[in-house]
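These numbers come from a predicted model, not from an experiment.
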Amino acid sequence: MTGVFTSQGRYVPATVIEAGPCVITQIKTRETDGYDALQVGFGGKKASRVNKPMQGHFKKSGDQCFRFVKEFSVENPAEYNVGQQLTVEMFKVGERVDVVGTSKGRGFSGVIKRHGFHRGPMTHGSRNIRRPGSVGCSAWPARIIKGKKMPGQYGNDRMTIRNLEIIDIRSDDNLILLKGAVPGSDSGLVSVNKLKF
């Protein structure tokens, strides 16, 4: 993350995302695959590090091999061609987008860190400082209800942050600056999706 100053002199926190160039490696249509989508490759990779079936697949779209391959649904796949590059110029400044990514994994965490519980008293011999407290029911239903906030795996989840505003686009470096934060660590892989109305 970083920050930028607007033309009005206001400081805005921003996330810098390298978005492309992405290459269309395959076009899926309703007639051949049962649905309409584009398969897009991103991030170059040596051909020697790619297995032969994928090398043959990538040759149809050019000579470059890719580290990441992802599908995006489209309404009219006939508008696109295999090998076509998708760049940041498909977005506009001021447009709002959804960003999908995987949040940072925090391992097995307690209820204070995972759910924001308050801690118990630390004096008078209390031994209930970071524990969740009472969790079960009495004679009926005599079990813990599903969905109870308990300790457990925290983070490493697929998350979607909606309605992030594009502050700036730098086409020379294939960069998009978004207002606010996105899920995941530095250099994490995210997908930027246009809003669906």
Side-chain angles (χ1 to χ4, degrees), residues 1-27 36-46 49 58 61-77 79-107 109-110 112-118 153-197:
M1 288 192 70
T2 182
V4 293
F5 287 95
T6 63
S7 56
Q8 292 83 23
R10 199 161 57 90
Y11 180 81
V12 177
T15 302
V16 181
I17 295 179
E18 181 185 355
C22 300
V23 177
I24 298 175
T25 56
Q26 185 181 359
I27 297 176
D36 295 329
L38 300 178
Q39 188 187 84
V40 176
F42 172 71
K45 194 174 185 181
K46 287 182 180 179
R49 308 257 174 142
F58 289 139
S61 59
D63 297 328
Q64 189 178 5
C65 295
F66 300 99
R67 184 173 301 278
F68 305 107
V69 177
K70 184 167 174 53
E71 286 188 10
F72 293 92
S73 61
V74 292
E75 291 182 0
N76 190 7
E79 297 177 358
Y80 303 92
N81 300 313
V82 174
Q84 177 182 341
Q85 282 196 347
L86 303 176
T87 62
V88 294
E89 293 171 2
M90 63 189 298
F91 297 102
K92 294 178 289 191
V93 175
E95 186 179 0
R96 294 188 175 268
V97 294
D98 293 341
V99 178
V100 183
T102 303
S103 62
K104 290 182 181 179
R106 295 167 179 85
S109 301
I112 291 179
K113 183 173 184 178
R114 190 181 187 205
H115 299 296
F117 280 26
H118 292 284
Q153 166 68 36
Y154 177 37
N156 197 30
D157 286 324
R158 177 183 164 93
M159 298 182 67
T160 302
I161 307 298
R162 302 191 182 278
N163 267 344
L164 292 178
E165 182 184 353
I166 296 177
I167 300 172
D168 193 12
I169 293 176
R170 299 178 183 174
S171 304
D172 298 337
D173 301 319
N174 296 308
L175 299 179
I176 297 177
L177 276 72
L178 297 176
K179 181 179 179 182
V182 300
S185 57
D186 292 348
S187 302
L189 184 68
V190 296
S191 62
V192 181
N193 304 326
K194 293 198 170 200
L195 296 184
K196 293 182 179 179
F197 297 103

Review point. Can the positive tip of Arg106 be found less than 6.0 Å from the middle of the six-membered ring of Tyr154, inside 45° of the ring normal?
Key: yes
Point to revise | Gap between atom CZ of Arg162 and atom CZ of Arg96 - 0.5 Å precision | key: 14.0 Å
Check your understanding: Is the count of non-hydrogen atoms from other residues, nucleotides or ligands lying under 6.0 Å from Lys179 atom NZ greater than 12?
Key -> no
Study note, to complete from the structure: Here the gap from Phe5 atom CZ to Arg10 atom CZ, rounded to the nearest 0.5 Å, amounts to 11.5 Å
Check your understanding: If we only count heavy atoms from C-beta on, is the Asn174 to Pro21 side-chain gap below 4.5 Å?
Key -> yes
**Study point:** Any Ile166 side-chain heavy atom under 4.5 Å of Leu178 side chain
**Key:** yes
Check your understanding: Any donor and acceptor pair, going by atom type alone, linking the side chain of Asp98 with main-chain N or O of Asn163 inside 3.5 Å?
Key -> yes
Point to revise | Residue among Val99, Val100, Val97 satisfying side-chain contact (heavy atoms from CB on, under 4.5 Å) with Ser191 | key: Val100
Practice item. Keeping the roles fixed (side chain from Thr15, backbone from Gly180), state whether a donor-acceptor pair exists under 3.5 Å. Key: yes
**Study point:** Close side-chain approach of Ile169 and Glu89, heavy atoms under 4.5 Å
**Key:** no
Review point. Is there a donor-acceptor contact under 3.5 Å from the side chain of Ser103 to the main chain of Asn156?
Key: yes
**Study point:** Over 12 foreign heavy atoms within 6.0 Å of CG, Asn76
**Key:** yes
Exercise for review: Side-chain contact test, heavy atoms from C-beta onward, threshold under 4.5 Å: evaluate it for Phe58 versus Val23 and give yes or no.
Suggested key: no
Practice item. May I ask you to test the Val69-Gln39 pair for a side-chain heavy-atom distance under 4.5 Å? Key: yes
Practice item. Would you mind reporting whether Leu175 and Glu18 have side-chain heavy atoms less than 4.5 Å apart? Key: yes
Point to revise | Nearest heavy-atom neighbours spanning Ala19 and Ile176 | key: CB-CD1, 3.7 Å
Practice item. Grab the two heavy atoms, one from Ile112 and one from Phe117, that are nearest each other, plus how far apart they are. Key: CG1-O, 3.6 Å
Revision key, fill the gap. Closest non-hydrogen atoms of Ile27 and Pro77, given as atom of the first, atom of the second and distance, are CG2-CB, 3.6 Å
Exercise for review: Apply side-chain contact (heavy atoms from CB on, under 4.5 Å) to the pair Ile24 and Leu86, showing each step before the final yes or no.
Suggested key: CA-CA 8 Å; Ile24 298 175; Leu86 303 176; 4.1 Å; yes
Revision key, fill the gap. Rounded to the nearest 0.5 angstrom, the CD-OG distance for Glu75 and Ser73 is 8.5 Å
**Study point:** Interatomic spacing from OG in Ser185 to NZ in Lys104 - rounded to 0.5 Å
**Key:** 6.5 Å
Review point. Roughly how far, to the nearest 0.5 Å, is the CG atom of Leu164 from the CG atom of Asn193?
Key: 11.5 Å
Check your understanding: Is a side-chain donor or acceptor of Lys194 paired with a backbone partner of Glu95 at a separation under 3.5 angstrom?
Key -> no
Check your understanding: With a 4.5 Å limit on heavy-atom distance, are the side chains of Val4 and Ile167 in contact?
Key -> yes
Point to revise | Minimum-distance pair of heavy atoms, taken over all atoms of Gln64 and Gly44 | key: NE2-CA, 3.7 Å
Review point. Between Val40 and Lys70, is any pair of side-chain heavy atoms under 4.5 Å apart?
Key: no
Study note, to complete from the structure: Looking only at heavy atoms, the pair that brings Arg170 and Leu177 closest together is NH2-CD2, 4.0 Å
Review point. Which pair of heavy atoms, one from Ala181 and one from Met1, lies closest together, and at what distance?
Key: CB-SD, 3.8 Å
